Amino acid sequence: MSDIETLERQLLTEIEAAPDEAALEAVRIAALGKKGSVSELLKTLGAMTPEERKTKGPAINGLRDRVATGINTRKGALKDAALNARLNRETVDVTLPVREAPAEAGRIHPITQVVDELTAIFADMGFAVAEGPDIETDELNFTMLNFQADHPAREMHDTFFFNPKPDGSRMLLRTHTSPVQIRTMLSQKPPIRVIIPGRTYRCDSDQTHTPMFHQVEGLVIDKGSHLGHLKWILEEFCKAFFEVDKVKMRFRPSFFPFTEPSLEVDIQCRRQGNEIRFGEGEDWLEILGCGMVHPNVLRNCGLDPDVYQGFAWGMGIDRIAMLKYGMPDLRAFFEADVRWLSHYGFRPLDFPTLAGGLSA
Amino acid sequence: MKLDFPEGDALCPAFGLRLVTGVKNGPSPDWLQRKLTAIGLRPINALVDITNFLTFDRGRPLHVFDAAKVRGNLTVRRAHAGESVLALDGKTYALDDTMCVIADEKGVESIAGIMGGEESGCSETTTDVLIESALWVPHNIARTGRKLGINSDARYRFERGVDPAFMVPGLELATKLVMELCGGTPSEIVVAGDASAPDHVLNFPLSEVRRLSGLDVPPTEVKRVLTHLGFYVAGQGETMKVAVPSWRPDIEGKADLVEEVVRIVGVDNVPATPFPRGDAAFKPVLTPLQVRTRKAKRALAARGLVEAVTWSFIAKPYAELFGGGDAALALANPIAADLSDMRPSIVPSLIGAAQRNADRGFGDTALFEVGQIFRGDKPEDQFTAAAGVRRALAKPAGAGRFWEDKAASVDAFDAKADAFATLAAAGAPMSALQVVPGGPAWLHPGRSGTIQIGPQNVLGYFGEMHPAVLDKLGAEGPMVAFEVVLDRIPEPKAKPTRAKPALELSSFQPVERDFAFVVDRKVRASDIVRAAQSGDRKAITAITVFDVYEGQGIDPDKKSVAIAVRMQPRERTMTDEEIDAIGAKIVAEVTKRTGGVLRG
């Protein structure tokens with residue numbers, strides 16, 4: 001065996017035996033470094049005769065290449081081994097829980113959600129959203145809405161009053177959202193199409209009444225809107241809101257001071273436990289009151305009832321929320337019990353749209 | 001018998017009276033008792049039962065006096081201040097001169113149209129009876145009934161209006177029943193005043209039915225319906241003349257006649273008619289405040305807070321703690337003592353709610369509400385506020401103890417972050433907001449802040465709740481709160497297009513340098529940042545406070561504040577000299593304005 005072969009065997013053995021990258025680097029320097037054993041051999045080529053160089057040259061160069069390749073291969077293997085060792089050390093217990101996303105924990109109150117649903121439905125029919133103050137005058141809450149002085153209809157409203165002012169007048173908490181009808185008619189010209197959601201107050205409290213509740217009204221004023229349009233709007237609304245293909249509604253004559261004719265509306269349903277199905281069944285549920293705006297109300301707002309006409313309707317937001325989503329008790333809406341809110345509330349990103357579905 | 005009212009002040013338009021002598025009062029016959037019992041009335045004696053029967057059967061309330069117990073003539077007049085009467089319900093009522101009474105020489109015998117007096121009431125021993133059938137002024141009956149707190153069947157009818165033309169016939173019918181059931185001899189009827197009903201004739205264009213209801217009803221059908229309901233209908237053509245029967249005081253005008261027709265023909269027959277939205281342009285239907293409100297709600301819920309809806313009224317002491325309690329905002333008739341005053345802030349309600357949840361075992365709660373607050377009783381005094389409360393471990397990242405974090409209580413910065421998230425979502429100009437230390441008295445004085453755009457426009461507050469206030473609210477901390485008024489956010493300028501401003505990208509690498517300053521504890525981080533910013537307003541694009549340190553190695557009354565300054569070259573790469581020059585300027589500005597010393 002030539003010296004070259006001996007050297008190669010020895011070097012390859014050392015490369016193979018190098019336990020880490022530092023040891024391998026020492027082998028590399030000892031072989032291929034400036035004064036390395038292979039480098040020294042390469043230097044001898046210069047002093048050789050051409051014949052000698054012909055045979056020794058390829059042998060020495062081959063030696064250098066094989067040693068270099070061996071080092072690189074070993075280097076890759078050592079790197080892989082080191083990475084594997086690191087990865088083996090680096091473990092986490094992935095069964096540990098992560099925090100729930102805040103957007104999953106937060107909730108939107110059913111009243112907010114239902115108002116957003118109403119807005120989506122009626123905006124599509126060309127309605128704007130009007131609002132007004134909670135503290136109202138007797139004039140706007142009653143008189144302009146054709147409640148005559150001392151008429152029993154006033155008393156039936158169980159009004160919250162503030163203390164009289166020096167001039168004898170007294171403010172009150174609106175008993176319905178209807179004063180906003182007046183504010184709207186006084187501040188804008190027909191055609192008018194608005195819905196009016198908001199807080200309302202009556203001093204009444206039992207299983208089904210709370211001193212504060214929410215109503216939504218609709219008001220249309222123009223030169224041609226009649227009961228037929230009102231029926232259509234209410235039917236379309238009920239179908240959209242309750243997310244059913246058909247509804248059956250029953251209109252009963254009734255009395256409200258601010259509408260003439262006045263109607264109460266029932267919707268056909270079937271009750272199953274705390275679930276209510278609409279568009280089927282034998283039960284009827286009263287859901288709203290409505291009618292053609294009373295000529296006196298139009299006159300009070302400076303509109304000629306022989307030229308302008310229109311209709312209005314009103315319903316309880318809390319009530320329709322209960323009917324749709326199955327909450328059994330109105331009082332719980334205002335108790336801020338996080339168990340109730342988490343259960344009946346809505347996730348913040350579940351924004352009701354007609355395109356994506358109201359409650360989908 | 002006489003009506004005693006000054007001219008033009010008749011509280012009793014007409015009064016009819018008849019004496020029947022020699023009656024024998026006793027239990028009424030079975031048929032009458034059965035009818036009364038069936039509608040929940042208790043039979044008393046024949047004379048009283050007859051009046052109750054006619055009240056329901058004919059809508060004609062009557063009253064019967066025991067003639068033996070009436071002294072002298074009956075007078076219908078205003079009550080005198082100080083008078084009182086023992087009524088048939090066994091209660092004594094104090095009267096005043098707004099009320100109408102029937103009196104004899106002894107005093108008041110009956111509260112007109114509402115309830116008779118006990119003293120002259122009919123009993124089994126009555127032999128001579130005075131039957132009264134009268135007309136009263138509806139709103140006066142309503143007012144008197146309300147003042148006295150009497151809800152009687154007579155009041156219910158008189159305050160809504162009864163048929164004036166039936167006053168005398170009703171009296172005749174009552175007489176007939178008295179004679180049938182109790183015998184006796186009637187005298188002539190005495191009538192004072194005028195019981196005739198005014199003629200009420202309406203011009204009724206038939207087109208009104210279609211105009212208001214959308215229903216096509218042939219003229220003959222309109223006529224038939226109205227006639228059957230007791231109206232007198234005359235005329236052929238487009239407009240009929242319709243005379244309103246005396247028993248329909250509710251019929252005022254054309255619309256009322258349409259209602260009569262529609263309810264008889266049937267509302268179910270009104271065809272549902274599509275109501276197209278027309279060709280109006282699709283525009284937002286919500287006002288800016290409505291948009292802010294809904295965005296604020298979703299933003300807060302997305303931060304893990306749960307939306308509550310609480311009463312608009314709170315207990316007076318609580319209102320006072322939060323700057324309210326004005327007499328003008330106190331209810332005259334609250335439903336409960338703790339729901340007496342309009343709230344000046346949503347925070348006390350949320351604190352109460354958080355505490356109730358804690359008492360039930362849910363201590364780490366985060367609640368918010370966006371709703372009305374009241375500073376006065378005018379419309380412009382009502383504002384829409386967004387408020388939130390976090391309790392105990394209800395941190396923004398998640399509530400409760402967790403393996404990954406050390407259990408830290410909520411702090412003022414959680415409330416600040418909620419407030420800023422709300423304002424950002426609601427479209428506030430965030431770079432214009434200033435935070436000033438301190439807040440209202442309900443917040444911890446050293447751990448609270450005021451958010452404003454200049455001293456004139458305070459948008460809201462945030463911080464840790466004042467321990468003494470929590471104590472007064474019966475709540476246990478730690479709790480932090482914020483409240484911002486959404487109406488106070490300035491509206492952005494309207495722009496003609498929706499295009500966003502052009503994006504400016506620099507092709508040169510930004511440079512970041514860190515500086516740590518040792519300053520007095522009282523120095524505000526915001527002042528350090530503002531001073532550093534003035535090192536080079538153009539080149540410096542961002543400054544971040546990345547560390548605040550107090551403790552070992554720093555004087556006890558000092559702190560170290562470290563900032564990272566990012567500089568963006570625009571025309572060419574910055575040289576080291578340029579960067580160092582800006583750095584020196586930053587240090588000089590901070591030192592000049594805050595007394596800060598660059599930490600070695």
Side-chain angles (χ1 to χ4, degrees), chain A residues 96 99-100 102-103 105-109 111-112 116 119 123 125-129 132-135 148-152 155 160-163 171 199 203 205 211-212 225-229 231-233 235 251 253 260-261 263 292 294-295 309 333-334 336-339 341-342 345 348-349 351, chain B residues 139 142-143 146 159-160 211-214 253 255-256 258-259 262-263 267-268 270-275 277-278 280 285-286 290 294 297-298 301-312 327-328 330-333 335 339 353 357 362 365 367 372 374 377 379 382 396-399 402-403:
Chain A
L96 277 169
R99 284 272 198 196
E100 186 181 36
R107 284 291 183 280
I108 288 292
H109 196 285
I111 292 172
T112 296
D116 286 343
T119 305
M125 292 197 229
F127 284 77
V129 178
D134 295 26
I135 301 178
Q148 276 142 34
D150 289 309
H151 192 276
E155 204 169 331
F160 279 114
F161 290 102
F162 293 90
N163 290 306
M171 306 297 281
R199 288 187 179 194
C203 45
S205 185
M212 181 184 94
S225 299
H226 55 65
L227 279 184
H229 297 125
K231 276 182 83 169
W232 184 84
I233 286 176
E235 284 175 9
F251 291 76
E260 188 75 45
L263 304 163
M292 299 299 295
H294 198 290
Q309 63 189 70
F333 278 68
F334 309 109
D337 183 335
V338 288
R339 295 168 301 176
L341 293 168
S342 296
L349 300 182
F351 204 98
Chain B
H139 72 79
R143 198 178 301 167
R146 191 161 59 239
E159 68 187 5
R160 284 165 176 77
R211 180 170 87 103
L212 296 179
S213 76
D256 302 281
V258 172
E259 174 169 71
V262 170
R263 75 183 172 92
V267 193
D268 284 347
V270 174
T273 314
F275 190 63
R277 62 181 299 285
V285 298
L286 298 179
Q290 288 164 347
R294 52 158 64 185
K297 286 178 176 180
R298 302 273 162 183
R303 290 180 59 77
L305 292 100
V306 172
E307 187 185 10
V309 174
T310 63
W311 309 122
S312 299
L331 289 171
N333 57 337
I335 198 153
L339 301 176
N357 280 297
F362 295 82
T365 50
L367 293 167
Q372 40 277 77
F374 304 86
D377 62 5
Q382 181 175 325
F402 198 66
W403 64 269

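Below, read A as the first sequence line, B as the second, and so on, with proteins coming before strands; counting in each chain starts at 1. Keep in mind that what you see is a predicted model, and the values were worked out from it rather than measured.
Atom CZ of residue B:Arg211 and atom CE of residue A:Met292 lie 7.5 Å apart, to the nearest 0.5 angstrom. Here the CD1-CG distance, from A:Ile135 to B:Leu331, works out to 8.5 Å after rounding to the nearest 0.5 Å. In this structure, CZ on A:Phe161 lies 7.0 Å from CG on B:Asn333, to the nearest 0.5 angstrom.
Heavy atoms of B:Trp403 lying under 4.5 Å from chain A belong exclusively to its side chain. Using a 4.5 Å cut-off between heavy atoms, B:Asn357 contacts chain A through its side chain alone, with no backbone atom that close. For A:Leu96, the parts sitting under 4.5 Å from any heavy atom of chain B are the backbone and the side chain alike. In this structure, the portions of A:Pro211 lying under 4.5 Å from any heavy atom of chain B include both its backbone and its side chain. Residue contact with chain A, scored on non-hydrogen atoms closer than 4.5 Å, involves the side chain of B:Thr365 exclusively. For A:Phe162, the parts lying near chain B are the backbone and the side chain together; criterion is any non-hydrogen pair under 4.5 Å. The contact between B:Glu159 and chain A is made by backbone and side chain atoms together, counting heavy-atom distances below 4.5 Å. Only the side chain of B:Arg294 comes within contact range of chain A, with heavy atoms under 4.5 Å apart. A:Leu263 touches chain B through its side chain: at least one heavy atom from C-beta onward sits under 4.5 Å away, while N, CA, C and O do not.
Nearest heavy atoms, B:Ser213 versus A:Leu227: O-CB, 3.5 Å. Contact detail for B:Val285 and A:Ala128: the closest heavy-atom pair is CB-CA, 3.6 Å. Closest heavy-atom contact between B:Ala397 and A:Pro102: O-CG, 4.5 Å. The shortest heavy-atom contact between B:Ala301 and A:Ile108 is CB-CD1, 3.9 Å.
Of all the listed residues (A:Ser225, A:Pro133, A:Ala123, A:Gly228), the one sharing the greatest number of non-hydrogen pairs under 4.5 Å with chain B is A:Gly228. The greatest number of non-hydrogen atom pairs below 4.5 Å with chain B, out of A:Leu349, A:Ile111, A:Asn163, is found for A:Asn163. The candidate from B:Thr310, B:Leu286, B:Val262, B:Val267 with the greatest count of non-hydrogen atom pairs under 4.5 Å with chain A is B:Val267. For chain A, the option among B:Asp268, B:Leu339, B:Leu367 with the highest count of heavy-atom pairs below 4.5 Å is B:Asp268. If you tally non-hydrogen atom pairs under 4.5 Å between each of B:Ala308, B:Ala142, B:Pro271, B:Gly398 and chain A, the highest count goes to B:Gly398. Contact tally against chain A (heavy-atom pairs below 4.5 Å) for B:Pro274, B:Ala255, B:Gly214: the top residue is B:Pro274.
A:Lys231 places a side-chain N or O within donor-acceptor distance of the main-chain N or O of B:Val270, the cut-off being under 3.5 Å. B:Gln372 places no side-chain N or O within donor-acceptor distance of the main-chain N or O of A:Asp134, the cut-off being under 3.5 Å. A donor-acceptor pair under 3.5 Å is formed between the side chain of A:Arg99 and the backbone N or O of B:Ala399. No side-chain donor-acceptor contact under 3.5 Å links A:Glu235 to the backbone of B:Ala272. A donor-acceptor pair under 3.5 Å is formed between the side chain of B:Glu307 and the backbone N or O of A:His109.
Taking 4.5 Å as the limit, every side-chain heavy atom of B:Gln290 sits out of range of all side-chain heavy atoms of A:Thr119. In this structure the side chain of A:Glu260 never reaches within 4.5 angstrom of the side chain of B:Leu212, judged on heavy atoms. Contact annotation: the side chain of B:Phe275 never approaches that of A:Met125 to less than 4.5 Å [non-hydrogen atoms, C-beta and beyond].
Comment: B:Arg298 engages A:Asp116 in a salt bridge, judged by a side-chain N to carboxylate O separation of less than 4.0 angstrom.
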Go through the steps to decide whether A:Arg199 and B:Val309 satisfy the test side-chain contact (heavy atoms from CB on, under 4.5 Å), and finish with yes or no. CA-CA 10 Å; A:Arg199 288 187 179 194; B:Val309 174; 3.5 Å; yes
